[in-house]
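Each remark here refers to the structure printed beneath this line.
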2 protein chains.
Amino acid sequence: MSPPRGFPAAEFRDRTARAQALMAEAGLDALLLTTEPELRYYTGFLTRFWESPTRPWFLVLPATGDPIAVIPSIGAHLMGQTWLQDIRTWQAPDYDDDGIGLLAQTLSDCVPATGRIGVADQMESHLRMPLSALRRLEGLLGARQITGDATITRRLRLVKSDAEIAKITEAVRIGDRAFDRVAEIARPKVALSQVFRDFQRLCLEEGGDWVPYLAGAAAPGGYGDVISPADDTPLATGDVLMLDTGLIRDGYFCDFDRNFSLGPPSDAVAEAHAALIEATQAGFAAARPGARICDLFHAMNTVVNPNAAREGGGADAGRLGHGLGMQLTEWPSIIAADETVLEEGMVLTLEPGVALAGGKIMVHEENIVIKSGGASYLSRPQDREIRVI
Amino acid sequence: MSPPRGFPAAEFRDRTARAQALMAEAGLDALLLTTEPELRYYTGFLTRFWESPTRPWFLVLPATGDPIAVIPSIGAHLMGQTWLQDIRTWQAPDYDDDGIGLLAQTLSDCVPATGRIGVADQMESHLRMPLSALRRLEGLLGARQITGDATITRRLRLVKSDAEIAKITEAVRIGDRAFDRVAEIARPKVALSQVFRDFQRLCLEEGGDWVPYLAGAAAPGGYGDVISPADDTPLATGDVLMLDTGLIRDGYFCDFDRNFSLGPPSDAVAEAHAALIEATQAGFAAARPGARICDLFHAMNTVVNPNAAREGGGADAGRLGHGLGMQLTEWPSIIAADETVLEEGMVLTLEPGVALAGGKIMVHEENIVIKSGGASYLSRPQDREIRVI
């Protein structure tokens with residue numbers, strides 16, 4: 001039984017109220033939001049139209065009251081179906097003033113003459129507007145100051161509601177079912193690009209709305225990296241095939257991978273896979289409320305990188321997992337430097353990597369949610385033995 | 001016969017040399033590039049990993065010599081397969097210094113102490129790095145100035161090479177074949193969300209590598225907008241079904257739509273579709289080297305919006321088409337204010353819209369390339385009669 005699409009308005013009112021409480025603490029008179037996940041988090045505005053770079057989209061979250069959308073008229077109909085009442089539009093693209101005048105007026109309506117407007121300025125963020133438009137906006141705002149947002153939206157998004165967890169769970173289940181069908185599409189002599197195409201088809205057939213992310217590789221004894229698109233090289237017996245997917249269901253992602261051996265694995269591959277599962281299990285065991293992200297890192301790193309020669313298990317990935325939700329990867333990163341304290345409702349990936357001979361690597365990934373008593377797997381945890389096709 | 005994947009190194013050397021010639025004119029000592037299409041344009045670095053917001057990626061294009069990649073180590077293996085020789089990496093994410101120190105050092109190596117570094121700052125651009133990182137970078141650069149890039153990369157990307165046009169043509173052909181199969185998947189009582197899933201499957205089966213964009217709608221007498229994702233409403237006889245896809249083949253997009261009537265169309269829908277085709281044909285006839293983008297706009301707008309009450313044919317889209325290539329939508333916009341002079345090698349969409357009763361709209365879209373003698377259709381131009389399922 002799939003969870004219902006969308007959220008009740010109460011979810012967005014609650015997110016807004018919690019943001020406003022943090023804004024009061026931080027001395028911010030408004031938040032200015034410009035990116036897809038930020039707008040969607042507070043409004044529910046879900047569209048693939050962000051693929052087009054043409055138009056800027058703005059949301060103003062004032063210190064009190066509901067958020068105000070300042071958006072191109074092409075989005076008015078869809079935004080009108082969200083809980084927002086105050087939707088201000090301009091006909092974009094406008095080469096003279098592409099919404100900046102309207103945005104400045106809206107901010108001036110909400111923010112005192114010497115007030116402070118927070119924008120995301122930290123890691124993993126960017127401002128989705130032209131730099132020249134930012135400069136012009138600053139000029140129009142007079143003594144009002146654009147400053148950092150004190151990580152308010154990032155902090156809120158870190159802990160998922162039950163409704164969000166239900167959507168992520170649904171996306172993960174779809175991914176699990178697609179991975180269970182890989183033997184239908186992967187066999188020697190099939191081009192990797194065809195396997196990629198077919199795997200995306202499986203994700204759709206199993207209920208994915210769309211498939212924003214698929215990476216992977218196939219090579220003997222491990223693979224060179226985990227971010228490559230497919231080429232037309234045919235699979236061969238002895239290859240390790242890895243597929244790493246981020247499919248979307250109702251706006252929420254799964255993000256996990258599976259490794260397959262075409263024919264019996266070599267000892268090195270079998271041992272590497274077993275180590276990856278052992279590391280994942282160690283990370284899982286450490287993941288409970290009150291533990292820190294760095295504890296998960298060390299629990300996994302001890303297994304995959306016992307010499308601790310460098311962080312990241314030799315895989316150059318730089319981390320052993322991350323947050324998950326409206327985006328394929330979210331804050332935080334599972335690294336030694338991250339001291340975030342785990343709370344119930346956080347959703348994470350555990351993603352250890354190991355180095356093999358010849359510069360090859362293998363990576364394994366599972367999705368988990370933190371509950372009051374400890375972690376719970378969202379994805380179906382894998383056996384130590386690599387799946388054989 | 002599909003064109004070969006990727007480009008020869010000569011293509012990237014040529015792009016780099018042309019950028020450097022424009023940099024000399026503009027008095028820029030380097031370009032700093034931060035977004036997916038910018039990096040890919042000069043390097044060929046193709047990965048879906050940009051879906052993750054975690055890591056910044058940088059490319060420095062000096063006044064002379066080859067570009068320098070300053071990237072997370074997770075991308076070193078894939079970047080190492082491009083033509084670039086100088087690839088500098090750090091292990092990201094790094095909470096203390098996420099590449100900014102290395103980037104500042106690289107820029108300091110290339111740029112005189114009072115030199116000028118260009119970044120895209122115009123419409124349709126953004127800087128893909130945290131605002132706090134930009135401030136820190138500016139601090140580390142001393143008297144070196146970060147300034148606008150004089151639209152250099154945008155100007156270069158406006159005119160496509162023959163190899164680029166071959167890739168776009170291939171993507172469009174795949175889209176044409178998928179649209180020819182819509183009768184297989186769309187019939188009364190099938191949920192629109194299922195039609196969307198199945199249409200993406202058709203795009204993959206016909207040779208798309210992935211499907212970054214699909215929007216559309218199904219409703220009687222036209223639809224409310226052109227950017228919505230699908231809901232679970234079942235199709236019904238009398239609906240106008242519109243599907244607008246941007247699929248990728250080897251890194252290049254198509255972007256066009258098709259309208260279908262479930263059962264015989266109403267007179268209003270039939271007339272609207274005929275007007276859309278007539279407008280497209282008028283735009284096509286006007287599209288020849290030496291004409292301006294605004295000429296195309298007026299040629300189409302006269303047909304779909306004869307009262308000229310407002311721009312955009314009443315569809316609130318704000319424009320009647322746009323550039324196409326590495327991105328779903330590229331510069332320029334087909335609006336009255338755009339005076340870009342058409343040149344051989346430009347690839348455009350013609351996308352007129354009409355208003356119907358009850359706030360409904362219909363939109364039609366074709367993809368064209370400008371050749372020496374005039375425009376040539378990439379997509380198969382449609383008849384005045386709407387396709388009936």
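Just so you know, these numbers use all the heavy atoms, side chains as well, and skip hydrogens, waters and symmetry mates. We name chains A, B, ... by the order of the sequence lines, and we start the count at 1 in each one.
- The closest donor-acceptor contact from the side chain of A:Trp57 to the backbone of A:Arg55 lies under 3.5 Å.
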Decide side-chain hydrogen bond (donor to acceptor under 3.5 Å, both in side chains) for B:Thr89 and B:Ser73; before the verdict, give the C-alpha distance in whole Å, the side-chain angles of both, and the deciding distance to 0.1 Å.
CA-CA 5 Å; B:Thr89 67; B:Ser73 52; 5.4 Å; no
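- For chain B, the option among A:Gly208, A:Gly80, A:Gly75 with the highest count of heavy-atom pairs below 4.5 Å is A:Gly208.
- Contact count against chain B (heavy-atom pairs under 4.5 Å) is highest for A:Gly207 among A:Gly207, A:Pro37, A:Ala230.
- The SG atom of A:Cys203 sits 11.0 Å away from the CG atom of A:Asp198 when rounded to the nearest 0.5 Å.
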Start with the C-alpha distance between A:Glu38 and A:Thr153, add both sets of side-chain angles, then the distance that settles side-chain hydrogen bond (donor to acceptor under 3.5 Å, both in side chains), and finish with yes or no.
CA-CA 7 Å; A:Glu38 290 174 304; A:Thr153 303; 5.1 Å; no
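- Most heavy-atom pairs under 4.5 Å with chain A, from the set B:Arg5, B:His322, B:Glu51, B:Gln122: that is B:Glu51.
- Both the backbone and the side chain of A:Asp225 come within contact range of chain B, judged by heavy atoms closer than 4.5 Å.
- Between chain A and the residues B:Asp209, B:Val211, B:Asp232, the largest count of heavy-atom pairs under 4.5 Å involves B:Asp209.
- No other option in B:Arg128, B:Met129, B:Gln81 has as many heavy-atom pairs under 4.5 Å with chain A as B:Met129.
- The shortest non-hydrogen separation linking B:Tyr223 to B:Met362 is OH-CA, 3.4 Å.
- Looking only at distances, no side-chain donor or acceptor of A:Asp121 sits under 3.5 Å from a matching main-chain atom of B:Pro130.
- Within the 4.5 angstrom heavy-atom criterion, only side-chain atoms of A:Trp331, from C-beta onward, approach chain B.
- With a 4.5 angstrom heavy-atom cutoff, A:Tyr213 touches chain B via backbone and side-chain atoms both.
- The backbone N or O of A:Pro332 sits nowhere less than 3.5 Å from a side-chain atom of A:Asp338 that would complete a donor-acceptor pair.
- Most heavy-atom pairs under 4.5 Å with chain A: of the set B:Gln194, B:Arg201, B:Met123, this distinction falls to B:Met123.
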side-chain hydrogen bond (donor to acceptor under 3.5 Å, both in side chains) between B:Asp98 and B:Trp90: does it pass, once the steps are laid out?
CA-CA 8 Å; B:Asp98 209 29; B:Trp90 81 99; 3.0 Å; yes
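- Among the candidates A:Leu134, A:Leu78, A:Leu131, A:Ile227, the residue making the largest number of heavy-atom pairs closer than 4.5 Å to chain B is A:Ile227.
- The candidate from B:Ala76, B:Ser333, B:Ala215 with the greatest count of non-hydrogen atom pairs under 4.5 Å with chain A is B:Ser333.
- Only the backbone of A:Asp94 comes within contact range of chain B, with heavy atoms under 4.5 Å apart.
- No donor-acceptor pair closer than 3.5 Å links the side chain of B:Thr54 to the backbone N or O of B:Pro93.
- Residue contact with chain B, scored on non-hydrogen atoms closer than 4.5 Å, involves the backbone and the side chain of A:Leu214 alike.
- Of the listed residues B:Ala133, B:Gly246, B:Ser193, B:Ala92, the one with more heavy-atom pairs under 4.5 angstrom with chain A than any other is B:Ala92.
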